[in-house]
Amino acid sequence: MAPAKIKVLVLDLDDTLLDTKALALMRDAAQWRDVPNHLNRCRVHEGVLGVLNTARSSGIKIAIFTNSPSNYVQALLKHFDISVDFVVAYHDVQQHKPAAEGVQKILDYFSASASEAL
């Protein structure tokens with residue numbers, strides 16, 4: 001049997017897609033209003049944009065599952081001009097990571113099975 005074709009790449013945001021260590025104390029203290037003033041202290045991890053571009057050119061959708069709130073996620077994505085197809089953030093799930101609820105939402109959104117996701 002042939003392996004399943006990958007439909008979606010599921011990524012975490014903080015310290016996976018982006019180096020956001022500089023925002024850790026603000027995140028821990030839920031000081032979300034202060035974040036926009038410090039986005040310049042973050043960076044995209046080396047090679048990430050290449051992976052995203054390669055996935056996109058192969059027809060693979062990009063999703064983020066994070067325990068951070070959506071407004072924080074959108075501010076970072078906009079700041080770094082990163083486009084993704086779907087985001088599951090803190091307020092989108094009842095059970096946060098490491099629970100699988102967010103991953104299941106992503107799979108359902110793209111009508112993908114677990115074997116069709118990375």
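A donor-acceptor pair is defined here as one N or O able to donate and one able to accept, closer than 3.5 Å; such a pair exists between the side chain of K7 and the backbone of S111. Of the possible donor and acceptor atoms, one in the side chain of T66 sits under 3.5 Å from a partner among the backbone N and O of S68. Of the possible donor and acceptor atoms, none in the side chain of T16 sits under 3.5 Å from a partner among the backbone N and O of L13. Remark: the backbone N or O of S113 is paired with a side-chain donor or acceptor of E116 at under 3.5 angstrom. The main-chain N or O of G50 is never found under 3.5 Å from a side-chain atom of N53 such that the two would form a donor-acceptor pair.
Residues E101 and Q95 share a closest heavy-atom pair of OE1-N, 2.7 Å. Across I6 and L118, no two heavy atoms sit closer than the pair CD1-CG, 4.0 Å. Of all the heavy atoms in S70 and A89, the pair that sits closest is N-CB, 3.6 Å. Closest approach of L39 and L23 over heavy atoms only: CD2-CD1, 4.3 Å. Nearest heavy-atom pair across D15 and T20 is OD1-N, 3.0 Å. Closest heavy-atom contact between K5 and S58: NZ-O, 3.9 Å.
Side chains of W32 and M26 form no contact here, defined as non-hydrogen atoms less than 4.5 Å apart. L18 has its side chain out of reach of H45: every pair of non-hydrogen atoms, C-beta onward, lies at least 4.5 Å apart. The closest side-chain heavy-atom distance from V10 to L107 is not below 4.5 Å. No side-chain heavy atom of D12 sits under 4.5 Å from any side-chain heavy atom of L17. Between I106 and V8 the shortest side-chain heavy-atom distance falls below 4.5 Å.
Under the 4.5 Å side-chain heavy-atom criterion for grouping Ile, Leu, Val, Met, Phe, Trp and Tyr, V35 is connected to I64 within one hydrophobic cluster. L52 and V73 fall within the same hydrophobic cluster, defined by Ile, Leu, Val, Met, Phe, Trp and Tyr side-chain heavy atoms under 4.5 Å apart, directly or through other members. Residues I60 and V84 are members of one and the same hydrophobic cluster, defined by side-chain heavy-atom contacts under 4.5 angstrom among Ile, Leu, Val, Met, Phe, Trp and Tyr. Y109 and F65 end up in the same hydrophobic cluster when Ile, Leu, Val, Met, Phe, Trp and Tyr side chains are linked at under 4.5 Å.
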Stepwise, does the side chain to side chain contact (heavy atoms under 4.5 Å, CB included) test hold for V48 with I82?
CA-CA 10 Å; V48 165; I82 295 174; 5.6 Å; no
D85/R56 under side chain to side chain contact (heavy atoms under 4.5 Å, CB included): CA gap, chis, key distance, verdict
CA-CA 10 Å; D85 300 294; R56 271 199 199 291; 3.2 Å; yes
Verify side chain to side chain contact (heavy atoms under 4.5 Å, CB included) between V87 and L77, making sure each step is shown before the conclusion.
CA-CA 11 Å; V87 173; L77 294 176; 4.3 Å; yes
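N40 CG: more than 12 foreign heavy atoms inside a 6.0 Å radius.
Note that CG of D92 is 6.0 Å distant from NZ of K105, once rounded to the nearest 0.5 Å. Summarising the geometry, atom CG belonging to N67 is positioned 9.0 Å from atom CG belonging to D14; distances are rounded to the nearest 0.5 Å. The CZ atom of F80 sits 9.5 Å away from atom CG of L49, with the distance rounded to the nearest 0.5 Å. Interatomic distance, OH of Y72 versus CD of Q31, reported as 12.5 Å (0.5 Å rounding). Atom CG of L9 is separated from atom CD1 of I62 by 4.5 Å, given to the nearest 0.5 angstrom.
Between H96 and Y90, the ring planes are parallel. Angles under 30° get that label, and only those over 60° would be called perpendicular. Under the 30°/60° scheme for interplanar angles, the aromatic rings of F86 and F110 are found to stand perpendicular.
Residues in residues 33-50 take part in these salt bridge (charged side-chain N to carboxylate O under 4.0 Å, His left out) pairs, two or more places apart or across chains: D19-R43.
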